[in-house]
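Below is one structure, written out as structure tokens, with a few remarks after it.
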Amino acid sequence: MATDAITLMKDIPLFREMGEGELNLIWAMGQEIGMSADRSLAAAGNEPQAFWILLEGSIAVRTIMPGHDPSIVHAPAVWGVAALVPPYRSPGTAVTVTNCRLVRIESADVRQLADTNPRMGTRLYQAIAAHSFRRVRELMDESKAPS
């Protein structure tokens, strides 16, 4: 099961620049979870303890901005990287739309890995910055699209 998860992780922009060994380190820190539809991953404004790798399925993310439809995130993807960056607050509420296969990774473990392996930490946080800007652009495009 880990081999197909590593293959899926390579399709996620956050992990594209990482080697097999680095992906295995991240995978080893996580816990694979099967989750049915309508289950909450995190609530807006809370301090999440983990981020999620979505291997299969879809989640809906509702931001704190009123009047906006939820954004749908389809696998393979990540959600919850705000758990890795101060102020460590979730900008949205995420709920599974379908049955999902996810990996939950404790944010404290990732921050510790970045501290003990600065080269990997730098690459990871550069990828998080790119991911965050890409996600902001997607949300802006969604808000401009006619309903």
Whether the side chain of [X] engages the backbone of [Y] through a donor-acceptor N/O pair (distance < 3.5 Å, no angle test) should be reported.
X: Thr96; Y: Ser36; result: yes
X: Tyr125; Y: Leu84; result: yes
X: Ser90; Y: Ala42; result: no
X: Thr63; Y: Gly92; result: no
X: Ser107; Y: Gln49; result: yes

* Nearest 0.5 Å please: distance from the CD atom of Glu32 over to the CG atom of Leu55. =>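 Going from the CD atom of Glu32 to the CG atom of Leu55 covers 6.0 Å.
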* How many angstroms lie between atom CD of Glu56 and atom NE2 of His74, to the nearest 0.5 angstrom? ->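 Output value for this atom pair is 14.5 Å.
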* For Thr122, which residues count as a side-chain contact (heavy atoms from CB on, under 4.5 Å) partner, sequence neighbours excluded? ->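 So Thr122 forms a side-chain contact (heavy atoms from CB on, under 4.5 Å) with Gln126.
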* Asked: Residues in side-chain contact (heavy atoms from CB on, under 4.5 Å) with Ala82, at least two apart?
  ->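 Counting only residues at least two positions away or on another chain, Ala82 forms a side-chain contact (heavy atoms from CB on, under 4.5 Å) with Pro91.
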* Closest approach of Val97 and Ala37, non-hydrogen atoms and distance? ->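 Where Val97 meets Ala37 most closely, the heavy atoms are O-CB, 3.4 Å.
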* For the residue pair Arg111 and Ala83, what are the closest heavy atoms and their distance? ->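 Residues Arg111 and Ala83, closest heavy atoms: NH1-O, 2.7 Å.
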Could you check whether any side-chain heavy atom of [X] comes within less than 4.5 Å of a side-chain heavy atom of [Y], counting everything from C-beta outward?
X: Gln31; Y: Val103; value: no
X: Ile53; Y: Phe15; value: yes
X: Arg119; Y: Glu22; value: yes
X: Asp11; Y: Pro76; value: yes
X: Val81; Y: Leu14; value: yes
X: Arg123; Y: Asn117; value: no
X: Met120; Y: Leu25; value: yes

* Sequence neighbours left out, what passes salt bridge (Lys or Arg N to Asp or Glu O under 4.0 Å) with Glu138? Give chain and number order. =>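 Applying salt bridge (Lys or Arg N to Asp or Glu O under 4.0 Å) to Glu138 gives Arg135.
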* Residues that Arg104 engages under salt bridge (Lys or Arg N to Asp or Glu O under 4.0 Å), provided they are two or more places apart ->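 Glu106.
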* Please walk me through it: do Asn46 and Arg89 pass side-chain contact (heavy atoms from CB on, under 4.5 Å)? -> CA-CA 5 Å; Asn46 288 351; Arg89 296 280 183 242; over 6 Å; no
* Asked: Can Phe51 be reached from Val85 by stepping across I, L, V, M, F, W or Y side chains whose heavy atoms are under 4.5 Å apart?
  ->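 Val85 and Phe51: one cluster.
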* To do: Give the C-alpha distance, both sets of side-chain angles, the deciding distance and a yes or no for side-chain contact (heavy atoms from CB on, under 4.5 Å) between Leu23 and Lys10.
  => CA-CA 8 Å; Leu23 292 173; Lys10 289 178 183 179; 3.5 Å; yes
* Could you list the residues that satisfy side-chain hydrogen bond (donor to acceptor under 3.5 Å, both in side chains) with Gln112, not counting sequence neighbours? =>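 Here no residue qualifies.
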* Asked: Does atom CD of Glu47 have more than 12 heavy-atom neighbours, drawn from other residues, nucleotides or ligands, at distances under 6.0 Å?
  ->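 Enclosed: over 12 neighbouring heavy atoms sit under 6.0 Å from CD of Glu47.
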* For the pair Arg39 and Val95, evaluate side-chain contact (heavy atoms from CB on, under 4.5 Å) and give the outcome as yes or no after the intermediate values. => CA-CA 5 Å; Arg39 298 281 311 273; Val95 176; 5.9 Å; no
* Given side-chain contact (heavy atoms from CB on, under 4.5 Å), test Leu8 with Ile12 step by step and report yes or no. => CA-CA 7 Å; Leu8 288 169; Ile12 300 170; 5.8 Å; no
* Transitive ILVMFWY cluster of Leu102, excluding itself - 4.5 Å side-chain cut-off ->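 Answer for Leu102: Ile33, Met35, Leu41, Trp52, Leu54, Ile59, Val61, Val73, Trp79.
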